[in-house]
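Here's the structure we're looking at; comments come further down.
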Amino acid sequence: MTSSFNVQSAAGYEQLMGRWSRQLAPLFIDFAGITDGERALDVGCGTGSLTFALPHAANLSEIVAIDFSPVFVEAATRANSDPRIRIQQADACALPFADASFDRALALLVLHFVPEAGKAVAEMRRVTRPGGVVAAVVWDHLGGMPGMRMVLDTAAMLDENAEQIRSRYCFQPMMRPGEMMQSFAAHGLEKIEQTSLMIRMDYQSFEDFWQPIAAGEGPLGKYVGGLDQALRAKVDATVKAAYEAGQPDGPRSFAAVAWACRGTVPEA
């Protein structure tokens, strides 16, 4: 499986997205449900935002976390101190587990970076027992991420190449309304529910907002890092002006909305 997420370092990811993933994780767990004694799989664990939140939600018997990126696997393993948690490198589209191995298979902010996201849904269903739950959540890049849209819309005004990048970003897999529900149904899940979850992304300054993107983290960072010097200077300055919006630099807060979907594996 290839991933469309650009990883430079675990620390950079934490500043770009990990801190917000940790805010979203408890809301997602509440929606997905979890029960004492269950065995849970975290698909695409990143630095462990969901992995390390799960033991606080219930007394689970085991948590297995996988990620395609060795950078993330190393960082999450280094941070782990819970003997119930096992972290390994694996492909979401070819999970190395037997059928019906888990009570729940969960994916926090990963399916939209899996080009063949339907395969990942099929694999999550396969490894979840009958009566168990498959659940996933992805950002709504088109309508629910104004901070990131601010960057892309600004770039598209300055660089015609950014228009195609904006389109890809806004319509990554599973992001259209109802798309995850359709995929869950197509892969045989029942009792499917969808909702939206919201957090606030609070930044202390433009530097706090822009630094990980400027350093090349994530899809926007990959785009910015590929600009020539003159265009890069224009994008930096214009995004800064958009962030400040006519006021002195300082704290800003952006809403961030995600689509969440859950379904149940049919009983045998």
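In this chain, residues are counted from 1 in sequence order.
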Give, for atom [atom1] of [X] and atom [atom2] of [Y], the distance between the pair rounded to the nearest 0.5 Å.
X    : Y    : atom1 : atom2 : answer
T238 : D153 : OG1   : CG    : 13.0 Å
T154 : D159 : OG1   : CG    : 12.0 Å
L106 : T51  : CG    : OG1   : 9.5 Å
Q23  : S49  : CD    : OG    : 10.5 Å
D228 : K234 : CG    : NZ    : 9.0 Å
F28  : S21  : CZ    : OG    : 11.5 Å

Short question: side chain of [X], backbone of [Y] - any donor-acceptor pair under 3.5 Å?
X    : Y    : value
D103 : R39  : yes
D202 : S253 : no
D249 : S205 : no
R104 : G132 : no
N80  : I85  : yes
S196 : A258 : no

Under-4.0 Å salt bridge between [X] and [Y]:
X    : Y    : answer
K119 : E123 : no
R126 : D99  : yes
R232 : D236 : yes

Indicate, with yes or no, if [Y] and [X] share a hydrophobic cluster defined by side-chain heavy-atom contacts under 4.5 Å among Ile, Leu, Val, Met, Phe, Trp and Tyr.
X    : Y    : result
V133 : L197 : no
I199 : L109 : yes
F113 : L142 : no
W20  : V257 : no

Practice task
Could you go through the side-chain contact (heavy atoms from CB on, under 4.5 Å) check for V137 and L27 one step at a time?
Solution key: CA-CA 10 Å; V137 61; L27 302 181; over 6 Å; no
What I'd like to find out is whether the side chain of [X] reaches to under 4.5 Å of the side chain of [Y], using heavy atoms alone.
X    : Y    : value
Q194 : F184 : no
Y223 : L152 : no
R129 : V265 : no
V110 : F68  : no
L60  : D36  : no
R125 : P266 : yes
C93  : V114 : yes
M174 : W259 : no

Can you name the nearest heavy-atom pair linking [X] to [Y], along with the distance?
X    : Y    : value
A105 : M124 : O-CE, 3.3 Å
L54  : A40  : CD1-CB, 4.5 Å
S183 : G118 : OG-CA, 4.1 Å
R22  : R19  : NH2-CA, 3.4 Å
R84  : S61  : CG-O, 3.8 Å
A255 : M198 : CB-SD, 4.1 Å

Handout entry: Parallel, tilted or perpendicular: rings of F206 and W210 (30°, 60°)
Key = parallel
Practice task
Describe, in one word, how the ring planes of H141 and H112 are oriented to each other, choosing from parallel (under 30°), tilted (30 to 60°) and perpendicular (over 60°).
Solution key: perpendicular
Practice task
Give the intermediate values and the outcome of side-chain contact (heavy atoms from CB on, under 4.5 Å) for residues F52 and D82.
Solution key: CA-CA 9 Å; F52 300 134; D82 190 326; over 6 Å; no
Exercise for the section: Check the pair Y243 / Y203 against side-chain contact (heavy atoms from CB on, under 4.5 Å), numbers first and verdict last. Expected result: CA-CA 10 Å; Y243 175 92; Y203 298 96; 3.7 Å; yes
Practice task
Would you indicate whether E74, at its atom CD, is surrounded by more than 12 heavy atoms from other residues, nucleotides or ligands within a distance under 6.0 Å?
Solution key: no
Exercise for the section: Report the C-alpha distance between Q247 and R252 in whole Å, list the side-chain angles of each, state the deciding distance to 0.1 Å, and finish with yes or no for side-chain contact (heavy atoms from CB on, under 4.5 Å). Expected result: CA-CA 11 Å; Q247 296 294 313; R252 300 291 190 272; 3.8 Å; yes
